[in-house]
Amino acid sequence: MTKKVKVRFAPSPTGDLHVGNIRTALFDWAYARHTGGTFLFRIEDTDTTRVTDEYIQAAIDTLKWLGLNWDEGPEVGGDNGPYLQSQRLGIYAEWAQKFLDQKDAYHCYCSADELEAVREAQRAANVAPGYNGHCRDLTSDQIAAYKAEGRLPVVRMRMPDGGTTFNDLIRGDVSFDHKFVPDFVLVRGDGSPLYTLAVAVDDVLMKVTHVLRGEDLLSSTPRQIRVYQAMGLALEDYPVFAHLPFVMGQDNAKLSKRNGEVSIAWYRDKGFLPEAICNYLALLGWSPGDDHENVTMKELTELFTVEKVHSSPARFDMKKLEAINGDKIRALTIDEFLDWSLPFLTKAGVITGTADEIALVKLALPLIQERIIMLSEVPAMLKFLFVKNFAVEADSVAKITDDASKQVLQRSLKELEPLAAWNHDSIEAALRSSLIEEMGLKPRIAFGAVRIATTGSTISPPLFESMELLGKEASLARIRAGLEL
Ligand code: GLU
């Protein structure tokens, strides 16, 4: 009988989750959903100097916002909790003690200065750095002497000679010679556990079957396998590993703030849709099999397999993410677009949220749905419909105060004032016949002046539709005001 898949996402929230973390979470989630398995979410918060409650909450909120719902973990619970490592310290302490009792681990009394001296000597001799095994086999007298000095020992895992080979689903067989995997610390002098202990113990106790995570953690795998051995785990119960390729910036350097690596909160505030982020990140190291790039969450769960993940680094391309976001915005229904846009409009102070305002926004949104790539563009596009003290943008004023523009505005006023029906067709017909056909102006010149006068900017939704929504009275008042400039 094949085991039911259980995949976990286990971030250490020492900051906001970023693109790399989320790509991992997305692949974890997709793999669990594809296989009908369980997606477990665990918070690795043992580094209390760097993890904060705010970051933990932000990680939870980010996963929810992205729609990466988990089956076991914070808030939802499960049979293998608690899911915050800070609430599991007793468990790690018990295992560390067991390893000491079994002689798989030992107390190491070396001070930081002594360890540094060892490293220094290793550098000088040009040999691989790492613990030299000084405390592996201390006599009881030596131990008593260290204790008398008041030294607080760390717990160190004994790495046997030889090596570790495991099969990585993406990289195939990966081997580590233990010459380069020295005895490692499981528990600090103050009793706090290290990552390698906590992660391995939890993956075993939480019955994780698959560890899909970033390539940066590849080198910690032999240490984790050593912990499984010490826990007495049967070989067939070891989790299967898959190390996802690095995400590089466009300049081929490791992704950083400079070339795209910003927190997911930044993308949310810019008005990227979760579907667009997930779609784009899904393509970082994976592809659905053909060239199509518009991947829905449903498709991702249907098509995602680890076999299709590449082992070479993926490149982050902001332009592509923007293009996908534009596509996803265009695919929204107007009601969905409205729901996504309202918080941006209220936050920018463009509307307060009255029913009348919302009704007008809903009428205006179809005008801009084709034109924006991020929701944060909505307020600037629709502001002209709501401002109380309308004014032409400072850098556009000069574009309507020349003689030609004055003539355009004067003529527009004359043609528009008598219009009985105020709709985009009647507005367009009146302005075209007068400005273009009779005055012989180029549309860009003619309509440009009217656009600036009525919307305040050279960039706006389509002009005639905008004037229709603005209403006759306000449109004419703005043209008159433009003439006064
Ligand atoms: N908590 C680790 C980190 O955020 C990842 C643990 C793992 O996936 O093995 O770097």
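Small disclaimer: the values here were computed from a predicted structure and weren't measured.
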Task: Pairs flagged by salt bridge (charged side-chain N to carboxylate O under 4.0 Å, His left out) wherever residues 358-374 is involved - sequence neighbours left out - done: Asp335-Lys362
TODO: Kindly compute the distance separating CZ (Arg223) from CG (Leu217), expressed to the nearest 0.5 Å.
DONE: 10.0 Å
Task: Short side-chain to backbone donor-acceptor contact, Thr454 and Val450, under 3.5 Å - done: yes
Open item on the list: Working to the nearest 0.5 angstrom, can you tell me the gap between Ile324 CD1 and Leu273 CG?
Closed with: 12.0 Å
Task: Electrostatic pair Asp202:Arg88 at N-O distance under 4.0 angstrom - done: yes
- [ ] List the atom of Leu68, the atom of Cys278, and the distance in Å for their closest heavy-atom pair.
- [x] CD2-SG, 4.5 Å
TODO: Go through the steps to decide whether Val208 and Val211 satisfy the test side chain to side chain contact (heavy atoms under 4.5 Å, CB included), and finish with yes or no.
DONE: CA-CA 7 Å; Val208 168; Val211 173; 4.1 Å; yes
Open item on the list: One pair to check against side-chain hydrogen bond (donor to acceptor under 3.5 Å, both in side chains): Trp29 and Asn69. What are the steps and the verdict?
Closed with: CA-CA 8 Å; Trp29 176 87; Asn69 52 324; 3.0 Å; yes
Open item on the list: Is there a side-chain contact between Ile264 and Asp16 in this structure, where contact means two heavy atoms from C-beta onward sitting under 4.5 Å apart?
Closed with: no
Open item on the list: Looking at Leu338, is its backbone amide N or carbonyl O close enough to the side chain of Ser341 to form a donor-acceptor pair, meaning the two atoms are under 3.5 Å apart?
Closed with: no
- [ ] Assess the side chains of Asp403 and Gln407: does a donor N or O sit below 3.5 Å from an acceptor N or O?
- [x] no
- [ ] Could you tell me the separation between the OG1 atom of Thr296 and the CG atom of Asn294, rounded to the nearest 0.5 Å?
- [x] 7.5 Å
Task: Residue pairs involving residues 458-485 (criterion ring pair (Phe, Tyr, Trp, His ring centres under 6.0 Å); sequence neighbours excluded) - done: Phe447-Phe464
Task: Qualifying residue for side-chain contact (heavy atoms from CB on, under 4.5 Å) with Tyr31, from Thr305, Val7, Thr301 - done: Val7
- [ ] Evaluate the side-chain proximity of Val262 to His18: yes if any heavy-atom separation is below 4.5 Å, no if none is.
- [x] no
Task: Polar side chain donor-acceptor pair, Arg451 to Ser460, under 3.5 angstrom - done: yes
Open item on the list: Given Tyr280, which partner from the list Tyr267, Trp286, Phe272, Phe316 fulfils the ring pair (Phe, Tyr, Trp, His ring centres under 6.0 Å) test?
Closed with: Phe316
- [ ] Check for a donor-acceptor pair, side chain of Ser12 on one end and backbone N or O of Thr14 on the other, with a separation under 3.5 Å.
- [x] no
Open item on the list: Less than 4.5 Å apart, side chain to side chain, heavy atoms only: is that true for Ile60 and Trp65?
Closed with: no
Open item on the list: Listing request: all salt bridge (charged side-chain N to carboxylate O under 4.0 Å, His left out) pairs with a residue in residues 273-286, at least two apart in sequence or in separate chains.
Closed with: Glu275-Lys328
Task: Contacts of Pro11 that satisfy side-chain contact (heavy atoms from CB on, under 4.5 Å) - sequence neighbours left out - done: Phe9, Leu17, Phe41
Open item on the list: Using a 3.5 Å distance criterion without hydrogens, assess whether the side chain of Ser312 forms a donor-acceptor pair with backbone atoms of Pro245.
Closed with: no
Task: Salt bridge present between Lys6 and Glu72 (N-O < 4.0 angstrom) - done: yes
Open item on the list: Is there a side-chain contact between Ile400 and Leu485 in this structure, where contact means two heavy atoms from C-beta onward sitting under 4.5 Å apart?
Closed with: yes
TODO: Kindly check if the number of other-residue, nucleotide or ligand heavy atoms within 6.0 Å of CG (Asp395) is above 12?
DONE: yes
- [ ] Check whether any side-chain N or O of Asp71 sits under 3.5 Å from a backbone N or O of Phe39 as a donor-acceptor pair, and report yes or no.
- [x] yes
Task: Asp327: side-chain contact (heavy atoms from CB on, under 4.5 Å) partners, not counting sequence neighbours - done: Arg330
Task: N/O donor-acceptor pair under 3.5 Å between Asp45 side chain and Gln85 backbone - done: yes
Task: Under 3.5 Å: donor-acceptor pair, side chain of Thr455, backbone of Ile452 - done: no
Distance-only criterion, 3.5 Å: show the donor-acceptor pairs between side-chain atoms of residues 468-477 and protein atoms not counting sequence neighbours.
unit_1	atom_1	unit_2	atom_2	d
Glu468	OE1	His424	N	2.8
Lys472	NZ	Glu417	O	2.7
Lys472	NZ	Leu419	O	2.6
Ser475	OG	Met467	O	3.4
Ser475	OG	Gly471	O	2.6

Could you list the donor-acceptor pairs under 3.5 angstrom formed by side chains in residues 373-391, with sequence neighbours left out?
unit_1	atom_1	unit_2	atom_2	d
Ser376	OG	Lys270	O	2.6
Glu377	OE2	Ile373	N	2.8
Glu377	OE2	Met374	N	2.8

- [ ] State, without any angle test, whether Asp47 and Thr49 hold a side-chain donor-acceptor pair at a distance under 3.5 Å.
- [x] yes
TODO: With the side chain counted from C-beta on, respond yes when Met439 and Ile445 share a heavy-atom pair under 4.5 Å apart, and no when they do not.
DONE: no
- [ ] Please answer whether the main-chain N or O of Pro74 pairs with a side-chain N or O of Trp70 as donor and acceptor at a distance below 3.5 Å.
- [x] yes
- [ ] Using the test side-chain contact (heavy atoms from CB on, under 4.5 Å), find all partners of Thr346 that sit at least two apart in sequence or belong to another chain.
- [x] Ile351
Open item on the list: With a 3.5 Å distance limit and no angle check, can you tell me whether Glu428 reaches the backbone of Asp425 through a side-chain donor-acceptor pair?
Closed with: no
Task: Ion pair check, Arg411 and Glu438, cut-off under 4.0 Å - done: yes
Task: salt bridge (Lys or Arg N to Asp or Glu O under 4.0 Å) between Arg213 and Asp28, worked out - done: CA-CA 8 Å; Arg213 59 179 180 185; Asp28 287 333; over 6 Å; no
Open item on the list: Holding to side-chain contact (heavy atoms from CB on, under 4.5 Å), I want the full list of residues that pass it with Gln369, two or more places apart in sequence or in another chain.
Closed with: Ile329, Leu332, Ile334, Phe337
Task: Results of side-chain hydrogen bond (donor to acceptor under 3.5 Å, both in side chains) for Glu75 - residues two or more places apart only - done: Lys64
Open item on the list: Checking His34 now: which residues fulfil ring pair (Phe, Tyr, Trp, His ring centres under 6.0 Å) with it, not counting sequence neighbours?
Closed with: none
Open item on the list: Is the shortest side-chain heavy-atom distance between Leu435 and Ser412 below 4.5 Å?
Closed with: yes
- [ ] Sequence neighbours left out, what passes side-chain hydrogen bond (donor to acceptor under 3.5 Å, both in side chains) with Lys320? Give chain and number order.
- [x] Glu293
Task: Chi angles and distances behind the side-chain hydrogen bond (donor to acceptor under 3.5 Å, both in side chains) call for Thr196, Gln224 - done: CA-CA 6 Å; Thr196 324; Gln224 278 159 252; over 6 Å; no
Task: Enclosure of Lys347 NZ (heavy-atom neighbours >12, cutoff 6.0 Å) - done: no
- [ ] Report yes if the side chains of Thr209 and Val240 come closer than 4.5 Å at any heavy-atom pair, otherwise no.
- [x] no
Open item on the list: Quick one, Val199 and Glu44 - any side-chain contact, counting heavy atoms below 4.5 Å?
Closed with: yes
Task: Side-chain donor or acceptor of Asp203 paired with backbone N/O of Ala200 under 3.5 Å - done: no
Open item on the list: Looking only at the side chains, is there a donor atom on one of Thr24 and Asn21 sitting less than 3.5 Å from an acceptor on the other?
Closed with: no
Task: Residue pair Ser311, His243: steps toward the side chain to side chain contact (heavy atoms under 4.5 Å, CB included) verdict - done: CA-CA 8 Å; Ser311 58; His243 288 91; over 6 Å; no
